[in-house]
Amino acid sequence: MISLSLLLVWGAATAQESHKDSTDVFFKHLELKEIVVTGLAGDAKLKEMTTPVSVIRPSALMVRSGGNIISAIAGEPGIAEVTTGGGISKPVIRGMAYNRVVVVSDGIRQEGQQWGDEHGIELDGAAVHSVEILKGPASLMYGSDALAGTIIFHPGPVRAPGEVGGSLSSEYQTNNGLVTYSLAADGNLRGWIWGGRFSDKYVRAYRNALNGRVSNSGFRERAASALLGRNASWGYSRLRFSYYHFTPGMIEGEGENYGYTPDLPFQQVRHYKAVWDNTVHLGPGNLKLILGWQQNRRQEFEESASEPGLDFRLNTFNYDLRWQGTLGPGWKTAFGLAGMGQKSDNLGDEYLIPAYGLFDAGLFATASRSLGKWTLSGGLRVDLRWLHSDALPGRFEDFRRLFPGVSASLGAVRPLGEHFSFRANLARGFRAPNLAELGSNGEHEGTFRYEVGNKDLKPEYSLQGDLGLDFTSRYVSVQASLFASRIDNYIFAAKNGELYEDELPVYAFRSGRAHLGGGEIGIDVHPVHQLHLSSAFSCVFAREAGGDYLPLIPSPRLFSEVKWEITHDGELFNNAFVSFNLDWNMRQDRFYAAGGTETATPAYLLLGASAGTDVVIAGKTRFSLYLIGTNLGDAVYAPHLSRLKYAGIYNMGRNVTFKLVLPF
């Protein structure tokens, strides 16, 4: 497929200009060029961004299949996931995960338990309208933890004045019996905006051709959210509330529980969130204030279904005060103060990390300006994070740490002729170690290991360079991105050769200098009306300075797709399409072998297909139907970042998803 796409690139680039009369022929990259995304100094056009940004629109999200929202976006170039079965996924950007990726939802950073292997992201996928993925250090905007980048989940847009409506969506999957529905309604009347959503999901044990059904891999997910706000000439004020409840089984490779209700051991994860988002028009810009409160509570039930062993509660307060607008001719600027406070409690009789208190604050200033054909952007941020770990006699020490950090960025974008554009960026990022890395001392249930922290760890500092070259014409789009990063004090856990109670391997946190590099290249060819041929390749190389390869680095990956758009503006069927794809994950033999921490992962090829259409009656879309097939060859595989790989448990086999959306 990649060779076919390259051939078509050459052919289309040299085609006769007589085709220009076909005004209907536009392809995705041209449309994306005008999309507004989250920039350093406020909203910016995608073509002005100095670092790579992926935008996943609602139409693209609708034809993704996965047990959670992270699985649905993990197919993007440079994006992967650390998985535990079908329900738990952690995002990975260019080989970095956990507290090196910031997830933003409802305008604030999502704070749950990013540090843990067996914890997912506490978000209702049905409430996500579109997604931005910023690749590269984003510490300027979000402070500590954004070394790898940021994933921003956007809610649906506010309706136009006088409009009221809603939708009912439902989904079924054949492999794991997933049944889900989501009901939403919203409106905008006389300047008052409101909305609400309720979602429910039931999933039983999934199966593959080798393991059969994987015991206790079912889960339950329930979520609700509400919006109330006011739009006025002075700006807007909006309150958002959300509740998320996730009950996954903990997969241990034994037992015979194949139903919808998880058996012991299982988890209960609840996440509550309230966000007050305000914008006031002030002078040549806007004054923005966002305040947020979150509570994340994770309980593990091992011996009893009513009494948790581990019971960890985390309260987080987020704040962000900034002004963004124009100062002087051509200058877009933003400056402000942002940070968070946290307090955790251990409420059970089992512990992994100590209870702690945290507060951080960051002062920042950013700017961008167009100078001739160049668009320049950059900024500076100073962060301080205070952290206090509570003592537990015989288990945890009382210690206090102060982590200062300075982040900076400077980048440029320039068109080169009619079809090419060039971008470059140099950024310094900052990440303070988390409590699991500093103070853990306990059995990490569901990860098959005992973890020991290191309270003397220093903050991570990254220096990363990004280069990009885009080619855009009527029939062809090519995007190429390269990056190289050096991270001082890179922290990771590795086996230290000991066994806890002669059973569990002991993992200790350590640090050193790391070097990462790689990139992505994507090709989209539109040789004739309605036909798209696309391929995307991504890879990451990472190792310690003068030492071993780093752990948890995804395999090189090639994804290719052929899509035929059957109808547009049809009288009965509208936006109908059919597509076929190949997902080739290459062998990963660059792994962290010390102490047997990791092993090589063989290559595997996944076949997929999808189709969909809107059904139009009396000039209105009455409902939409989608059919999505994944792993149609029923391949037996375990990705390099699957945590169940080391228990001999493989990923889901052949699966077909049916989706129905009813707008009203």
Side-chain angles (χ1 to χ4, degrees), residues 64-72 74 81-90 113 116-126 170-182 198-223 244-271 298-306 308-310 445-448 628 630-631 634 636-639 642-645 647-659:
R64 306 287 178 93
S65 177
N68 56 75
I69 186 61
I70 300 301
S71 289
E81 56 180 334
V82 178
T83 62
T84 306
I88 298 175
S89 299
K90 274 289 201 303
Q113 300 182 42
D117 286 281
E118 81 285 20
H119 316 140
I121 303 298
E122 303 86 356
L123 290 176
D124 176 16
S170 184
E171 180 178 337
Y172 173 74
Q173 295 185 12
T174 59
N175 185 292
N176 57 3
L178 180 149
V179 178
T180 183
Y181 65 90
S182 185
F198 178 80
S199 303
D200 214 357
K201 182 184 295 184
Y202 301 83
V203 184
R204 66 176 179 175
Y206 74 88
R207 62 171 176 81
N208 59 56
L210 183 62
N211 301 120
R213 291 220 173 263
V214 177
S215 178
N216 216 31
S217 60
F219 60 90
R220 171 79 181 271
E221 181 182 292
R222 176 169 286 177
Y244 177 89
H245 185 194
F246 181 52
T247 308
M250 297 173 69
I251 303 170
E252 296 186 333
E254 55 188 32
E256 296 183 355
N257 177 30
Y258 307 130
Y260 285 91
T261 302
D263 201 354
L264 294 172
F266 65 89
Q267 298 181 34
Q268 294 272 11
V269 180
R270 293 176 175 86
H271 196 91
R298 172 173 165 253
Q299 298 172 306
E300 289 183 358
F301 298 83
E302 302 164 41
E303 307 297 333
S304 167
S306 58
L310 186 146
E445 291 290 344
T447 68
F448 315 108
I628 307 156
T630 55
N631 192 10
D634 208 21
V636 175
Y637 73 100
S642 168
R643 294 182 46 257
L644 299 180
K645 165 190 167 184
I649 299 173
Y650 293 86
N651 276 37
M652 187 183 294
R654 182 184 297 113
N655 187 38
V656 179
T657 300
F658 301 87
K659 288 187 178 182

Are the side chains of E171 and T657 in touch, meaning some heavy atoms are under 4.5 Å apart? yes
Looking at side-chain heavy atoms only, is the closest gap between E256 and R213 below 4.5 Å? no
After noting the C-alpha distance and the side-chain angles of D124 and R222, does the key distance pass the salt bridge (charged side-chain N to carboxylate O under 4.0 Å, His left out) rule? CA-CA 8 Å; D124 176 16; R222 176 169 286 177; over 6 Å; no
The single option from N651, V214, D634 that satisfies side-chain contact (heavy atoms from CB on, under 4.5 Å) with N208 is V214
Test side-chain contact (heavy atoms from CB on, under 4.5 Å) applied to N216 and L264, D263, T261, the passing residue: D263
Check for a donor-acceptor pair, side chain of N655 on one end and backbone N or O of N175 on the other, with a separation under 3.5 Å. yes
Using 30° and 60° as the class limits, which term best fits the ring planes of Y202 and Y260: parallel, tilted or perpendicular? perpendicular
So how far is it from Q173 CD to M652 CE, rounded to the nearest 0.5 Å? 6.0 Å
Do Y206 and L178 have side-chain heavy atoms sitting under 4.5 Å apart? no
Given the rule in the side chain to side chain contact (heavy atoms under 4.5 Å, CB included) test, do F219 and K201 qualify, once you have shown the distances and angles that lead to the verdict? CA-CA 8 Å; F219 60 90; K201 182 184 295 184; 3.8 Å; yes
Would you call V269 and H119 a side-chain contact if the rule is heavy atoms closer than 4.5 Å? no
Is the closest side-chain heavy-atom distance between M250 and F301 below 4.5 Å? no
Considering residues, nucleotides and ligands other than Y258, do more than 12 of their heavy atoms fall under 6.0 Å from its OH? yes
Between atom CG of L310 and atom CD of Q299, what is the distance when rounded to the nearest 0.5 Å? 9.0 Å
